Amino acid sequence: MTTPDHLAHSDVAYQLHAYTNAQRHREEGPCIMARGSGIHVYDTAGKEYIEGMAGLWSVAVGFSEPRLAEAARRQMECLPFYHTFSHKSNVPSIELAEKLIGLTGGRMAQAFFTNSGSEANDTIVKMVWYYNNALGRPEKKKIIARQRGYHGVTVASASLTGLAGNHRSFDLPLPRILHTRCPHWYREGLPGESETAFADRLAAELEALILAEGPETVAAFIGEPVMGAGGVVVPPETYWSKVQAVCRKYDVLVIADEVITGFGRTGRMFASDLFGIEADFMTLSKQLTSSYQPLAAVLMNERVASVITRHSGELGTFGHGYTASGHPVAAAVALENIRIIEERGLVDNASAAGAVLQRRLRELADHPLVGEVRGVGLIAAVELVADKASRAPFDPAGKAGALAVRQAQDNGLILRGIQDSVAFCPPLIITEAQVETLADRFAQSLEETAKKL
C-alpha cells in the first residue's frame, strides 16, 4: 500500500519540481494534494484548503467539475487523438476555433493551437519573424517586453519574461528581445508623480527605446493586460491607450498575453475589453480548459493572418506545429468549459465576488505590514513592506511574503508569494460568502505573520 510517507519520499527522490528550490525541497518535502472539489483541495492527510490561486491562476470552474470529465470521456471514446497537419482536422478543434474568434467580436481572424501558454508565446515570436520576412523586412525582428512581465519558460518565451529567476544560469534572454519598465506606479512612480504622468513617462520611454533601436528593427510589443506572476500589477488607466499609440506610430505589432486574464478573470471575458487593447495577437490558455487539459491558443487578426497565409503559399507550407495542436480531447473540454462559464454567469460572478475580494483586502490597507493592495475582479495582491512610510522592502526580499503564505496554508488557505507580494486568484465559481471566509483566513494569517516577524 502506498502511504503518504512513501509518496513524500518518492517525490523527493524521483521528481524535479517546477519553480522550486530543489535543495530545500529535499529537506522540507512536498504538500501532496489527493483530491479537489469546487474551490477546495484536500491533501493526503485529509486537510481541506481553499485554493486561493485556482491552482496556477487557472481552474475557473473549480475542481472535479463532472461536465468536463464527461466531455473528455465522450471525446476519448469517439476520437481520442487526431492532428492538424497536412490539411487534416477534427470537429472539436474547428468548433473551438470558431467559438474563440466569435468571443473576440471578430477582432481576431484565426486561431492556432498549442499545449501551453509558453508554447503559444514561443509560436508568436516565430510568427512575428515569419510575418516580417513575408513583408520583405528581414531586420524588423526585435520584440519589446516588460520588466517583471511573465510570458512562459521555453527559450523564446522565457526571454520575453522579464524576471531574473527565469534568466539566471539559462543564458537568457536571447538577442533581439528587449525590456522596458514595468507599469507599477507604487514602485516605479517618481515622488509626486500622478498615475497619468507615470503612464505618459512610460509611453515616452517606450518610444525612446524604439527610436534608439531603430523603428525598422522593432517588430512587436508584448504585455499582459494585468501582470500576473510579476506581482499582480494593474497598470494606470491611460497606460494601454498610450502604449498602443506609440506602437501604431512605428508599425509595431501589439501582443496581448491573456493567459491569466482571459475568460472572465477581471470581470470581462477578456481583459483587453477592459483596457481597450486592440491587439494583433492574443495568447490564451489556463482558464481556457480550467487546466483540466493542456491547451493554449494563439489568436491573430486578419492583418497578420492574411500575410502568413500568403507567405505559406509562396513557401509551400507553414512549417510549424505540434503533435497535439488542436487535440480533440483538449478542445472538447475547452468548449464545455466555456459553456459552463457562459451558462453560470461566471464573468459576472468574477465582477461581483471580485468586488467583495477587493473591498476586504483594501480594509487591510492600514495594517503596519501592508504597503499596497491592488487588483481587479478576482485577481489581487497585497504587498508587504518593512516600513510603511518609506515603502522599504524586506531584507532579504521575499522573507515576509513566504512567511505569510506559510501561515495561510496552516490556516487552510493556499496563496502564492511573489517576493513580498501575496497573490490571490480563486476559482471563478467562488461565492461572496466564500470570499469572506478566504479574507478572514488571510487577515488571521497576516496577524500571525506580523507577530513572527
Side-chain angles (χ1 to χ4, degrees), residues 1-66 68-69 72-73 115-118 150 152-153 165-166 228-229 259-260 285-287 289-295 329-330 333 337 398-419 421-430 434 437-438 440-442 444-445 448-449 452:
M1 180 179 179
T2 302
T3 65
D5 285 345
H6 176 79
L7 286 169
H9 174 78
S10 295
D11 181 80
V12 169
Y14 303 119
Q15 185 167 200
L16 179 64
H17 281 250
Y19 281 91
T20 300
N21 181 325
Q23 184 61 48
R24 186 181 302 164
H25 189 66
R26 288 174 178 253
E27 300 162 1
E28 297 182 1
C31 176
I32 305 171
M33 295 305 171
R35 64 186 182 92
S37 178
I39 69 163
H40 297 99
V41 290
Y42 301 81
D43 66 21
T44 49
K47 182 175 178 177
E48 179 187 88
Y49 305 84
I50 294 175
E51 224 316 340
M53 283 300 298
L56 279 175
W57 323 84
S58 56
V59 185
V61 302
F63 294 87
S64 302
E65 169 54 56
L68 296 192
R73 185 195 65 79
N115 306 294
S116 69
S118 295
Y150 185 85
V153 294
N166 295 92
V259 166
I260 286 177
S285 191
K286 294 191 183 289
Q287 294 191 149
T289 66
S290 285
S291 288
Y292 280 48
Q293 286 281 290
L295 183 66
V329 177
V333 170
N337 181 68
K399 169 185 174 182
L403 179 56
V405 167
R406 282 198 299 272
Q407 293 302 127
Q409 184 166 312
D410 288 345
N411 293 324
L413 172 61
I414 294 177
L415 300 173
R416 181 171 178 177
I418 303 172
Q419 294 285 30
S421 292
V422 180
F424 300 75
C425 188
L428 297 187
I429 62 168
I430 195 168
Q434 290 171 330
T437 302
L438 179 156
D440 288 343
R441 292 185 186 182
F442 178 67
Q444 176 188 346
S445 305
E448 293 167 355
T449 301
K452 290 192 174 184

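As the structure is a computational prediction, the values presented were derived from the model and not from experiment.
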[atom1]/[X] to [atom2]/[Y] distance, rounded to the nearest 0.5 angstrom?
X    : Y    : atom1 : atom2 : answer
R26  : T20  : CZ    : OG1   : 13.0 Å
E28  : Q23  : CD    : CD    : 11.0 Å
R441 : L415 : CZ    : CG    : 11.0 Å
L56  : R416 : CG    : CZ    : 6.5 Å

Going by salt bridge (Lys or Arg N to Asp or Glu O under 4.0 Å), name the residues that satisfy it together with R406, two or more places apart in sequence or in a different chain.
none
Partner residues of D440 under the salt bridge (Lys or Arg N to Asp or Glu O under 4.0 Å) criterion, sequence neighbours left out
R360
Grab the two heavy atoms, one from [X] and one from [Y], that are nearest each other, plus how far apart they are.
X    : Y    : value
A423 : M53  : O-SD, 3.3 Å
T289 : A330 : CG2-O, 3.8 Å
G417 : V405 : N-CG2, 3.3 Å
T449 : A400 : CG2-O, 4.1 Å
A22  : L16  : CB-CD1, 4.0 Å
N337 : L68  : N-CD2, 3.5 Å

For H17, enumerate each residue passing the ring pair (Phe, Tyr, Trp, His ring centres under 6.0 Å) test, keeping only those at least two apart in sequence or located in another chain.
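Counting only residues at least two positions away or on another chain, H17 forms a ring pair (Phe, Tyr, Trp, His ring centres under 6.0 Å) with H25.
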So, using ring pair (Phe, Tyr, Trp, His ring centres under 6.0 Å) as the criterion, who are the partners of F442 when residues are at least two apart?
F424
Are any of the side-chain heavy atoms of [X] and [Y] separated by less than 4.5 Å?
X    : Y    : answer
L438 : P426 : yes
I50  : H40  : yes
I414 : M33  : yes

Taking [Y]'s backbone N and O only, do any of them form a donor-acceptor pair with [X]'s side chain (distance below 3.5 Å, no angle check)?
X    : Y    : result
S285 : V259 : no
D11  : G29  : no
S10  : A8   : no
N411 : Q407 : yes
S118 : S116 : no
Y292 : V59  : no
S290 : V61  : yes

Among residues two or more places apart or on two chains, list those pairs meeting ring pair (Phe, Tyr, Trp, His ring centres under 6.0 Å) that have a residue in residues 45-66.
none
Working note: H9 + D5, criterion side chain to side chain contact (heavy atoms under 4.5 Å, CB included); need CA distance, chi angles, decisive distance, verdict.
CA-CA 6 Å; H9 174 78; D5 285 345; over 6 Å; no
Tell me if the OH atom of Y14 is crowded by more than 12 foreign heavy atoms within 6.0 Å.
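Not more than 12 within 6.0 Å, no.
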Using the salt bridge (charged side-chain N to carboxylate O under 4.0 Å, His left out) rule, collect all pairs that involve residues 38-66, keeping only residues at least two apart or in two chains.
E65-R344
